[in-house]
Asker: 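Mind looking over this structure? Questions follow.
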Protein chains: 2
Amino acid sequence: MVTLPETLPETLPIPIKVMASIRDVARHVGCSTSTVSRVINARDGVDPETRRKVLETVELLGYRPNLIAQGLRVRRGKLIGLVLPEGSAHVFSVIIQCTLEAAYQRGYNIIIVNSHEDPDLEERYIQDLLRRNINGIIFSRVSDESRVVSRIVDEKIPMVVIDRALEHEHVSNVVLDNYKAGYLAGRHLTALGHRRVACVTGPMKIALCRERLKGFRDALAEAATTLTVDCIFEGGFQFQSGLEAVQTLLERRTGCTAIWAMNDMMALGVMKGLYRNRLKVPDDMSVMGMDDHEFGSMTAPSLTSIHYPFNELAERAVEIVARQIESPGTGAETVVLEPGLTIRHSTARVKEPVT
Amino acid sequence: MVTLPETLPETLPIPIKVMASIRDVARHVGCSTSTVSRVINARDGVDPETRRKVLETVELLGYRPNLIAQGLRVRRGKLIGLVLPEGSAHVFSVIIQCTLEAAYQRGYNIIIVNSHEDPDLEERYIQDLLRRNINGIIFSRVSDESRVVSRIVDEKIPMVVIDRALEHEHVSNVVLDNYKAGYLAGRHLTALGHRRVACVTGPMKIALCRERLKGFRDALAEAATTLTVDCIFEGGFQFQSGLEAVQTLLERRTGCTAIWAMNDMMALGVMKGLYRNRLKVPDDMSVMGMDDHEFGSMTAPSLTSIHYPFNELAERAVEIVARQIESPGTGAETVVLEPGLTIRHSTARVKEPVT
DNA sequence: TTGAAAGCGCTAACAC
DNA sequence: GTGTTAGCGCTTTCAA
């Protein structure tokens, strides 16, 4: 007579789990979890035959290690934090896209937070990232006084600052050669014969704006002309600044034949301002931007711009963080990117050469 | 005579940890970790005095629970996955921004993956999200045949599909009233006196394009006119489509006085195409877009558009996922958003009323 | 070459 | 009211 077993048999059929765990693999192979762990982490000291069976089972069960558990055990969660100062500006969209791409190439995920340029929010969000055992941080536009930098450095978390440089022994930088960007802009305009030229800058308290301006000035100087004070308008990187710049410059009757704005948003503002004043681009005025945002090719006319290699920026930033995560000894480094010149239809040869 | 203790004293000074753990708090208070856990999770059955001390210490040590550990223990990692079909399209930038914002409001972080409309990548990235014990998923543009949907449903992970609807018992939707969007566009143009009107659609295999077109048609019908076949151009939502549409429509000599494109990118293409043909907007042709992307206000002339409430889209999507995460019983639901009409300067009253 | 056991930081069932 | 214990899924000594 057959009696019912008191308890269910020990070895149930492989449970229909949606996500297989390391134990499922071990059970299936008939070895311990440590052995499985050794195999999937490519440790040596595993019998080739066992290794084969494990790999086979991993494949069969579609097993992938749980990153949360890995992250908890050995800070190896393959997670990078991306901290941006604001969400609306369109360059950040580009940076986000490029960083996501670059990170996935290397098997990392990205968590994005948006500090809104608010030190308190910044601190809170960094806190959140640390709570997730983040492995590295890519930071855009940290202010020099930022309280969080030391936090991150203390936690020994690799950090790279992009776009704006930050001087710190343990922090890497990926920045643009801003002097050269300004220089290229200036030279393009003087090469087209422009001699009276205007510039819509970003906030001059920001170092990179001063560098860009210096490069721009030097290029003009090479063409034996100067950027006069009345031809400089300090903007705030917003569309609105471009609009205001045009109004101001026209009222000043500077006689300029070309305007360079330090980003594409302001350049669009300049184009719009000129349109409102019934001035034609580039016939009456050449307009040039910076960043080489995709939208520049969609306007009428399309926008000549200084190319900012955002994908390279992201690529290098991720590369550095990943390297520092994977081989902790590596020191901080600084990468300087080369700007380019994208000529479209908003700039043209000056009509009447200045006498 | 004093003997040296065999081992170090049990109560060491609080270790100088950068991130305090629950044990640090417990040690400092002199209670067990469970008590601390109870307090921080607002469970009752804790002496008010103890609770006070714990909270005080939490404050003092700046303790915040580690989300990785929480996520491992009780699938409560406050993490939502956002799956997008492509990175370049500009509406997705907007969706990203809005979703990040909405999620942070509720204490969630977002991990974004980009499927590039590739089912294999999609599957791999979803896999990655699951490996992170994601609590919920916001999905844009899943195809109906997507293999991953059942995976996610099987894992009982709350899922909401945005922008394009997906019929599934356990999947929520947040979509636009696309019929109404088309209707509003049509009515705006007929109200301006336009009778010969063209439409640049998206791929007609996509249901929402057909709905938009239907609404557009119905609005024209109300004004006793029809959308003739030669005035329809099927685009692919890209800038380029708008460019091609203009070329085609002009060659066909349809005599149209207004064009509606089913997104702003194509509308910009239309404007550019008209510019190249020396046609003035809106004098020679009214142009209208859809999405109401910020760039529409920066072009010259600025672009009239159908407003797509992306922030509401994100807000509702996050709200639904969060609710389903926090109270698992909740069933799937569908939200239909109202489109709006943003009138700018690319549309104007028709010059010569049709006889 | 392999397995048992401890532990990452946390929560929940069960004692006391 | 509070502490002890076990365990989430994984890696890593240590011992066999």
Side-chain angles (χ1 to χ4, degrees), chain A residues 15 17-54 58 61-79 127-128 130-135 155, chain B residues 10 15 17-55 57-58 61-79 127-128 130-135 155-156:
Chain A
K17 268 203 182 172
V18 249
M19 289 224 88
S21 79
I22 195 170
R23 272 222 300 273
D24 298 327
V25 178
R27 248 192 316 247
H28 196 271
V29 174
C31 69
S32 74
T33 59
S34 350
T35 302
V36 178
S37 175
R38 282 184 194 108
V39 173
I40 59 181
N41 290 300
R43 300 269 177 285
D44 43 78
V46 180
D47 184 278
E49 177 57 14
T50 318
R51 154 167 280 116
R52 199 191 50 70
K53 272 200 289 194
V54 168
V58 163
L61 267 49
Y63 167 73
R64 315 270 0 249
N66 183 307
L67 292 162
I68 290 293
Q70 275 191 332
L72 184 59
R73 185 63 176 80
V74 278
R75 313 281 135 130
R76 206 186 327 136
K78 291 278 188 182
L79 196 55
Q127 177 85 297
D128 284 349
L130 295 178
R131 292 211 286 153
R132 290 199 186 279
N133 295 2
I134 222 84
N135 307 114
E155 298 266 4
Chain B
E10 270 289 273
K17 267 203 184 171
V18 249
M19 287 224 90
S21 79
I22 196 169
R23 273 222 299 276
D24 298 327
V25 178
R27 249 193 315 248
H28 196 270
V29 175
C31 68
S32 74
T33 57
S34 358
T35 302
V36 177
S37 175
R38 282 184 194 109
V39 172
I40 60 182
N41 290 299
R43 300 269 177 286
D44 43 75
V46 178
D47 186 279
E49 177 57 16
T50 317
R51 155 167 280 118
R52 199 190 52 69
K53 271 201 288 196
V54 169
L55 290 174
T57 310
V58 163
L61 267 49
Y63 167 74
R64 313 273 2 247
N66 183 307
L67 291 163
I68 290 292
Q70 276 190 332
L72 184 60
R73 186 63 178 81
V74 280
R75 314 274 135 138
R76 209 191 318 141
K78 290 277 187 183
L79 196 55
Q127 177 86 296
D128 283 350
L130 295 177
R131 293 210 285 152
R132 289 199 187 279
N133 296 2
I134 223 84
N135 307 116
E155 298 266 4
K156 302 218 188 310

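So you know, we letter chains A, B, ... as the sequences are listed, proteins then strands, and number each from 1. Given the structure is predicted, the values throughout are model-derived calculations rather than measurements.
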Asker: Axis-to-axis angle across the helix from C/dT1-D/dA16 to C/dC16-D/dG1, five pairs an end, to 10 degrees?
Answerer: 50°
Asker: So, does A/Thr35 get its side chain near the phosphate of C/dG3, meaning an N or O under 4.0 Å from OP1 or OP2?
Answerer: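 The answer is yes; a side-chain N or O of A/Thr35 sits under 4.0 Å from OP1 or OP2.
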Asker: By nearest atom, which of the nucleotides D/dT11, C/dT11, C/dG3 is closest to the B/Ile22 side chain?
Answerer: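 Selected nucleotide (nearest to the side chain): C/dT11.
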Asker: Test of understanding: with salt bridge (Lys or Arg N to Asp or Glu O under 4.0 Å), list the residues that count as partners of A/Arg131, not counting sequence neighbours.
Answerer: A/Asp128
Asker: Scan residues 38-46 of chain B against DNA chain D and write down, sorted by residue number, each residue with any heavy atom closer than 4.0 Å; if none is found, say none.
Answerer: B/Arg38, B/Gly45, B/Val46
Asker: side-chain hydrogen bond (donor to acceptor under 3.5 Å, both in side chains) with A/Ser37: which residues, sequence neighbours excluded?
Answerer: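 side-chain hydrogen bond (donor to acceptor under 3.5 Å, both in side chains) list for A/Ser37, sorted by chain: A/Asn41.
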Asker: If you assign B/Ser34 and B/Asn133 each to the DNA chain D nucleotide with the nearest heavy atom, which residue ends up on the more 5' nucleotide?
Answerer: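 Its nearest nucleotide lies further toward 5', so the answer is B/Ser34.
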Asker: Once salt bridge (Lys or Arg N to Asp or Glu O under 4.0 Å) is applied, do any residues pair with B/Arg52, and if so which ones, sequence neighbours excluded?
Answerer: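 In terms of salt bridge (Lys or Arg N to Asp or Glu O under 4.0 Å), with neighbours along the sequence ignored, B/Arg52 is linked to B/Glu49, B/Glu56.
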Asker: By side-chain hydrogen bond (donor to acceptor under 3.5 Å, both in side chains), which residues pair with A/Asn66, not counting sequence neighbours?
Answerer: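 For A/Asn66, the residues satisfying side-chain hydrogen bond (donor to acceptor under 3.5 Å, both in side chains) (neighbours in sequence not counted) are B/Asn133.
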Asker: Tell me the interatomic distance from A/Glu49, atom CD, to C/dT2, atom C1', rounded to whole angstroms.
Answerer: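 In whole Å, C/dT2 C1' and A/Glu49 CD are 15 Å from each other.
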Asker: Starting at CZ of B/Arg27 and ending at P of D/dG3, how long is that distance when rounded to a whole Å?
Answerer: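 To the nearest whole Å, that distance equals 15 Å.
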Asker: Would you please name every residue forming a side-chain hydrogen bond (donor to acceptor under 3.5 Å, both in side chains) with B/Ser34, sequence neighbours left out?
Answerer: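 side-chain hydrogen bond (donor to acceptor under 3.5 Å, both in side chains) check on B/Ser34 returns B/Ser32.
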Asker: So, using side chain to side chain contact (heavy atoms under 4.5 Å, CB included) as the criterion, who are the partners of A/Leu72 when residues are at least two apart?
Answerer: B/Ile68, B/Ala69, B/Leu72
Asker: Which residues pass the salt bridge (Lys or Arg N to Asp or Glu O under 4.0 Å) test with B/Arg73, not counting sequence neighbours?
Answerer: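 For B/Arg73 there are no salt bridge (Lys or Arg N to Asp or Glu O under 4.0 Å) partners, ignoring immediate neighbours.
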Asker: Looking at residues 62-72 of chain B, who's got a heavy atom less than 4.0 Å off DNA chain C?
Answerer: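 The stretch gives B/Tyr63, B/Pro65, B/Asn66, B/Ala69, B/Gln70 as the residues lying under 4.0 Å from the strand, ordered by number.
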Asker: For B/Asp24 and C/dG9, give me the distance from atom CG to atom P, rounded to whole Å.
Answerer: 9 Å
Asker: Strictly below 4.0 Å: does B/Arg23 bring a side-chain N or O up to OP1 or OP2 of C/dC8?
Answerer: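 Checking B/Arg23 against C/dC8: at least one side-chain N or O falls below 4.0 Å of OP1 or OP2.
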Asker: What residues form a salt bridge (Lys or Arg N to Asp or Glu O under 4.0 Å) with A/Lys78, not counting sequence neighbours?
Answerer: A/Glu326
Asker: Quickly work out the A/Asp47 CG to C/dG3 P distance and round it to whole Å.
Answerer: 11 Å
Asker: Measuring from B/Leu61:CG to B/Ile22:CD1, what's the distance to the nearest 0.5 Å?
Answerer: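 With rounding to 0.5 Å, CG (B/Leu61) is 12.5 Å from CD1 (B/Ile22).
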Asker: Rounded to the nearest angstrom, tell me the gap between atom CE in B/Met19 and atom P in C/dG9.
Answerer: 11 Å
Asker: Going by the rule side-chain hydrogen bond (donor to acceptor under 3.5 Å, both in side chains), which residues pair with A/Arg43 if we only count those two or more places apart in sequence or in a different chain?
Answerer: none
Asker: What is the distance from CG of B/Leu61 to C1' of C/dG9, rounded to the nearest Å?
Answerer: 15 Å
Asker: Ignoring backbone atoms, establish whether A/Thr50 has a side-chain N or O less than 4.0 Å from OP1 or OP2 of C/dT2.
Answerer: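 So the side chain of A/Thr50 is within the cut-off, an N or O lying under 4.0 Å from OP1 or OP2 of C/dT2.
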Asker: Can you measure from CG (B/Leu55) to OG1 (B/Thr50) and round to the nearest 0.5 angstrom?
Answerer: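 B/Leu55 atom CG to B/Thr50 atom OG1 measures 10.5 Å (nearest 0.5 Å).
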